[in-house]
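Read the structure below first, then the notes.
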Amino acid sequence: MMFLRNTFLFLTGIFLLSNGLMGQPSPITFGVIPKPDLEMTVYEPDKDAGAVVLCDFCDAEMDLGNNAKTTIKRHVRIKILKKSGYEYGNVEIPFSTNDDLLVSKASTHNIENGEPVETVLPKKQMIREKTSAYRNTLKIAFPQVREGSVIEYEYELVTSDYFEFVPWTFEFTIPTVYSEFRASYPAYFEYKITLSGETSKIKRQYKAERFMAAGLSGTQHAYQWIARDLPAFEEEPFLPNIQDFLTGVRFELSAINYPGGGSYEVAPTYKKISERLLEDEEFGTPINRTMTFNKVLKSLLSEATSPLKKARIIYDHVKTHMHWNDEEELFISKPIKRSYYEQYGNSADINLMMISMMRNAGIQADPVILSTRENGIMNPAVALVRKLNYVICAIQIDGRQYLLDGTDPVNPFGSLPLRCLNFQGWRVTSTGGNWVELRNSEINSFSKSYKLVPSENGTMSSEVRIRYDSYYALNVRKAIRLYGEEDYREDLVYRWGNIDVSEVSIQGTDSLDGSLNVGFKAVIHHHLQQDDDLIIFNPYEIFEPLMNPFIKEHRAYPVNFGCPIREEYTFFIEIPDDYSVDESPKKVQLILPDKDASFLQSATIQNDILVINGIFIIQKTFFSTEEYESLRQLYLIMLRKKAEMIVLRKNPVNS
Amino acid sequence: MKKLLYIILFTLILFRPLSALEYKYVYDSIPKQLLKGANAVIRSSQYTYTIYDAEKAIEKQKLAVTLLNELADNYRMIIINYSKLSRFNYMNARVYDKYGKIVWTLSKTDIYDRSAVSDAAIYSDDRIKAVLIPAFQYPYTIECEFERQDRTSLFYPTHYFQDDPSVSVEYSGMQITMPEGYPFRYLEKNLNHPVDSITIGRETILTWQEVNLPVVKIRPYSVPVEMRMPVLYTAPVDFVLDKYKGNMTSWKNFGVWTNSLLTDRDSLSTETIQKVRSLVSGITDPMEKVRKIYEYMQSGTRYVAVFIGIGGWQPIPAYQVANNGYGECKALSNYMKSLLKTVGIESYYTLAKAGANQDIMAEFPSQQFDHVILCVPIENDTVWLECTDQDQPFGYLGDFTADRQVLLITPDGGKIVRTPTMATEDNHKIKYAKIEMVGLGDAKITVKLNYNGFFYDALYALSEQGEHSQKEWITNFLHVNDFDVRKINFSFDKKIVPSAIASMDLFIRNIAVRTEKRMFIPLQGFLSSFDFIANYQENIKVPQGFTSCDSLEIILPVDYDIEQLPDSCQYASAYGSYNSHAVINKRKITYTRKVVINEGFYPAEEYDDFREFINKAAANDRLRIILAKN
């Protein structure tokens, strides 16, 4: 990111101006608490809430007269309702060591003998902690916090970070009654503003004001956003990037228009970004120098003939030679030659090295820039280098594209780690580039088959064959690699308290491609329910509990599975002599529109063997909150069907 | 003489810096039995502690650990605490690959310095030096060395030769050097090798070493690892903390010293004194007075920890707690003690080692405590008070501090006593559920849970949670997937054996599994059930006995008759007892089941019997009521 830095030194030097434009007063006055707020005992819209944000007010103003620094004035008032809300009586205000924390006040308000009483926290009890070399924290433990207290605090902070103006979130883990954010900045700074979450609940006002300072004048953008009555947010399963869905306002600096004319685009288009990246010493230079690894590759590729063979050799070499240090990066941290020598590096060190090698071998290879799942979804409309945190390698062979990542030695060719499967990335080429769907053929897939022999003595013997594919195979291979095959076997032997496992076999550990097969024999105790006539059991529940991951009836945020899922179970149940099937699960076909997800089950009897086959497929990886209900219903019906019992009945004795 | 020579050689060889060797920590040289089940192997741990006098000691640790998988990644984060009492001198670190080649060396700029504040404290002036070592391909070895200088003798080291049961140990040594004749004490637990002692010149050197310790698996009903792994406790005779001098050879003396930290920390404003006095005016029963004042303390304070100076060891004055309305365990216990004193009730500040199933080594007086509670001796009826929890029932300690040895700080010094335990019959759960089957396998359900003793905390915690978390709890508790909560109420009786009641009205969809001819009603969720246990064949420890009584009333749907009911099941042994049976009355089935599990320790030879006892109960609880269409 070298190209951004220098410009700003110049810019901050220019604006030694002063300016008197200040925001309007806060909607609340410090120390004046309306009686109903003090007397409130329960927050009606959410009776469980331990505390409630009565008002969160922030005024952020960038002042050209003060070196384009931004002054943030914040005033927060919180009602404590229950003991479970006491934790909100301890407040931490983190700030950069470059920021100035100017004013701070904190008070607790209680009713004592029918009268409001304010307890002011003495200044010396607000602790400024030197948290680290880059960060300080102001710590406030409010005095006399009880059920019913109202606490409030105010502070003023001056910051010089103008890349990301002040990010604002309206929601908390407790409900919010009123939240207001005002932002004002000179029009010289162009920000792309993104609203996220429940945007319908945000009211916006805008005014173009004028500013004048030391001979310069111009437009000052003044925004106001207000949100009321927001519920508490809760984390939900299957959503790695909740920050993309919280109700809030974000600013991304897209350009700076200099007072004397001319401008610098910070976030132009992905095409423009591609051009810049290819010129960057920490990105483009290493991949353009294709001769760096000439010597190594000559000996590596001496036998290889086809481009695909060469690509596989390079891929295997990079991922086994290089050790990833767990850092997700878009730029290299050191020259790639040094990384190669040291054998470790960040994700860009490794993957840009791989591109350089592929190009040396005459394979068309390009970087694909992206944002990982936890980092948030890549915004197609806002091209911002600093919102991206990863780069992978895309190669084209015989008209086919393979996406490669060299950070994990267990990853097979043509498979990306789950963190990269985040919709789309941008392929950086000399002609600008294009969007690339971030997926090869990754899937969470297994197929489990069980031969079950129930017997009258109450036990059931079983032979189990499990085939893991794609990600599931990867995970098992990883586990075996980490703990060793012996420990993996032992874990299987002790996994179920009521099942004796023996003869564990594992196949497919010698290769990373293809499926991985696990088999074992089992004697199952305590599972059959029987009397003189009947043997009753459920096959699905022998080895795994039937769990519903979607307890909530309504979801506040979407479901993001990351990749498709396919889970298949087949049971071959030997009907004991003298018994016949009285009842068994039925054929089922549950299919969501467009085959987004489905559950198919069949049950047949062949030669005294009852065969039950159930296949569950998630084809679509992203379900909106509106689609959630049908997804949840599919799970519920499937669980109900899987819970059905098999009833075997003793044949009447023929005399 | 021969022995002396041997010891000198041993000592010098083991603690000689090994840097002269070219390749260290080669993976292939790890004994195979140490790799089994291990996430990492401690190749060498050398801990030296050099005592100069009561106010100066140098601690030096050198650790080499081979990481085998990502579960050992915590070793990549090296954290060294320091404070005004313990100065950080230096640290070094390196990484070796599996062949023993150096692949990374720590540079000063990799070390960062930050505040040591944890979840327990909002502020502390303790700090840490920390390094995050980059990840390499497993296996690789991290070697780290650091030095600290202690300015107090209160905390002589306690050394765990194996500090993590999932990490095996190739070599772990501890060496303490002190001036000849320096008074010093130690206690060995589960050590395989005794101490070697030697005096050279004017120094006495004590050396302990343990080798080839394999991993210890922790399983259900395992004997706690603390009771199995080798530990060395050390302690001074005379010690100093800041300007407070003490003697540690007896608990009495340690108590005298603790008292000196409390001196003049009990004054309160006249306003507070008057408030407390008026609170108990007219009450004659001393127990009732204590209860009133305890409730007053609970309603006006919360737990907030701020540690400044020796604030980690000395409580802030009582009047300051009154002003702030908060404090940590020492401050709040001392505050409560001061409140009681204003009405003439004597109480004892009490040191404890907190946490489920924790205890101190009473035979070895030393600083083994991390919590403070208050003991109020009332004639015939001592009350124990936990002062950091605003919701704790009066006189109830919970498994955080009950049933263990604690140190009472009396005016005459320290005294070890035992906090009360709760009996198997006090820790009981009573569960009642009425299940009215409606429609096609749905049910209207009334559940009433009555949890007593240690089980109280679980229901109290549930009552504090939001709607969604409660629903999640019910999902796991009753094993149901799709239901509405129509009503949920809680009530609590905060007595010394506290009692909690939760009442719920639920509507559960498809609780029963339906087939063409039958309906299956699962009981497992309504019984406080067990997990099956596997065939581990090792010593067994049941830390806490309890009783669980469940009764269910099931009202059958009109179109179905009973086809199969679980048979009565009754058995008993030293481990406890199990009783279940069903009674049919027209269209109603009443199912009752009582389980008693006794506290106990059983040798591995009994494993099969114990397993059968548990698994039989688990199996019986998993039976279903089977109905057939009429």
Side-chain angles (χ1 to χ4, degrees), chain A residues 48-50 82-84 86 89-90 92 119 125 127 129-133 137 139 141 143-146 232 234 323-326 342-344 409 482-484 486-487 490 493-498 500 525-526 529 531 534 536 538 545-548 551-552 582-583 636 639-640 643-645 647, chain B residues 35-37 68-71 97 103-104 112-115 117 122-123 134-138 219 299-300 302 304 306 323-326 390-391 464-468 471-472 475 479 481-482 510 513-518 520 531-536 563-564 611 615-616 618-619 622-624 626:
Chain A
D48 295 324
K82 296 180 179 176
K83 284 170 183 149
S84 61
Y86 278 11
N90 301 337
E92 295 192 357
T119 313
Q125 276 182 251
I127 303 167
E129 176 190 271
K130 286 189 177 158
T131 315
S132 69
T137 310
K139 300 204 162 183
Q144 306 297 351
V145 171
R146 295 169 212 153
E234 285 178 295
H323 309 153
W324 181 40
N325 66 6
D326 284 359
E342 292 179 343
Q343 298 198 314
Y344 77 91
L482 293 186
Y483 312 124
E486 199 184 336
D487 280 17
E490 192 182 297
V493 168
Y494 287 122
R495 190 172 296 173
W496 301 276
N498 63 325
D500 302 332
H525 304 273
H526 301 304
Q529 181 164 355
D531 60 15
L534 304 176
I536 298 164
N538 176 287
L546 295 174
M547 300 289 282
N548 172 21
I551 296 160
K552 276 189 166 181
D582 190 43
E583 287 203 89
L636 286 176
L639 287 172
R640 210 158 80 211
E644 282 182 9
M645 307 294 283
V647 180
Chain B
L35 291 172
K36 193 171 157 35
L68 304 176
N69 64 48
E70 62 202 13
L71 296 180
D97 70 7
V103 289
W104 182 84
Y112 60 93
D113 180 291
R114 66 175 173 79
S115 161
V117 163
I122 77 148
Y123 179 78
F136 293 87
Q137 204 168 70
Y138 307 102
R219 287 157 168 155
S299 67
R302 73 187 199 279
V304 172
V306 175
N323 285 346
N324 292 340
Y326 58 72
Q390 299 82 27
D391 293 316
E464 293 268 278
Q465 290 172 2
E467 194 184 325
H468 177 65
K471 214 172 163 185
E472 223 162 48
T475 303
H479 302 260
N481 283 322
D482 189 13
N510 299 299
V513 173
R514 214 157 32 86
T515 56
E516 212 168 298
K517 303 180 196 166
R518 295 182 176 84
F520 304 84
D531 290 328
F532 289 113
I533 54 173
N535 189 16
Y536 295 121
E563 184 176 14
Q564 205 193 91
R611 183 181 177 215
N615 284 1
K616 208 167 146 186
R622 282 164 173 76
L623 296 175
R624 297 162 166 89
I626 301 170

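A, B, ... follow the sequence lines: proteins, then strands. Residue 1 opens every chain.
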Is [X] close to chain B through its backbone or its side chain, or both, or neither, when contacts mean heavy atoms under 4.5 Å?
X: A/D582; answer: both
X: A/L546; answer: backbone
X: A/N325; answer: both
X: A/V647; answer: side chain

Is [X] close to chain A through its backbone or its side chain, or both, or neither, when contacts mean heavy atoms under 4.5 Å?
X: B/T475; result: side chain
X: B/F136; result: both
X: B/R219; result: side chain
X: B/D97; result: neither
X: B/Q137; result: both
X: B/I533; result: backbone
X: B/R611; result: side chain

What residue in [options] has the most heavy-atom pairs under 4.5 Å with chain B?
options: A/D487, A/D500, A/L639; answer: A/D487
options: A/A141, A/A643, A/S84; answer: A/A141
options: A/E342, A/Q343, A/Q125; answer: A/Q125
options: A/H526, A/R495, A/E234, A/E490; answer: A/H526

Enclosure of B/D531 CG (heavy-atom neighbours >12, cutoff 6.0 Å):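 Counting other residues, nucleotides and ligands, CG of B/D531 stays at 12 neighbours or fewer.
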
From CA spacing to verdict: side-chain contact (heavy atoms from CB on, under 4.5 Å), B/V306, A/K139: CA-CA 10 Å; B/V306 175; A/K139 300 204 162 183; over 6 Å; no

Of the listed residues ([options]), which shares the most heavy-atom pairs with chain A below a 4.5 Å separation?
options: B/E70, B/K616, B/K471, B/K517; answer: B/K517
options: B/G37, B/G300, B/A618; answer: B/G37
options: B/H468, B/R622, B/E467; answer: B/H468
options: B/R518, B/Q390, B/H479; answer: B/R518
options: B/P134, B/A135, B/G325; answer: B/A135

Ionic contact status for B/E464 with A/K82, cut-off 4.0 Å: no

B/D113 with A/K130: basic N within carboxylate O range, under 4.0 Å: no

Under 3.5 Å: donor-acceptor pair, side chain of A/E486, backbone of B/K36: no

Sidechain-backbone polar pair: A/E583 side chain, B/E516 backbone, donor-acceptor under 3.5 Å: yes

Please report the closest heavy-atom contact between [X] and [Y], naming both atoms and the distance.
X: A/P143; Y: B/N323; value: CB-O, 4.3 Å
X: B/V513; Y: A/E644; value: CG1-CA, 3.5 Å
X: A/Y494; Y: B/N535; value: CE2-O, 3.4 Å
X: B/V103; Y: A/Y344; value: O-CE2, 3.9 Å
X: A/Q529; Y: B/I626; value: NE2-CD1, 3.8 Å

Verdict with supporting geometry, A/H525 and B/N615, side-chain contact (heavy atoms from CB on, under 4.5 Å): CA-CA 9 Å; A/H525 304 273; B/N615 284 1; over 6 Å; no

Rounded at 0.5 Å granularity, tell me how far [atom1] in [X] sits from [atom2] in [Y].
X: A/K552; Y: B/E472; atom1: NZ; atom2: CD; answer: 9.0 Å
X: B/R514; Y: A/M645; atom1: CZ; atom2: CE; answer: 15.0 Å
X: B/F520; Y: A/I536; atom1: CZ; atom2: CD1; answer: 5.5 Å
X: A/E129; Y: B/R114; atom1: CD; atom2: CZ; answer: 9.0 Å
X: B/R624; Y: A/N538; atom1: CZ; atom2: CG; answer: 6.0 Å

Minimum side-chain heavy-atom gap A/Q144-B/N324 below 4.5 Å: no

A/Y483 and B/N69, any side-chain heavy atoms less than 4.5 Å apart: yes

Distance-only side-chain donor-acceptor flag, A/D48 / B/Q465, under 3.5 Å: no

Polar side chain donor-acceptor pair, A/R640 to B/N481, under 3.5 angstrom: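 Their side chains do not contain a donor-acceptor pair, so the 3.5 Å distance test is not met.
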
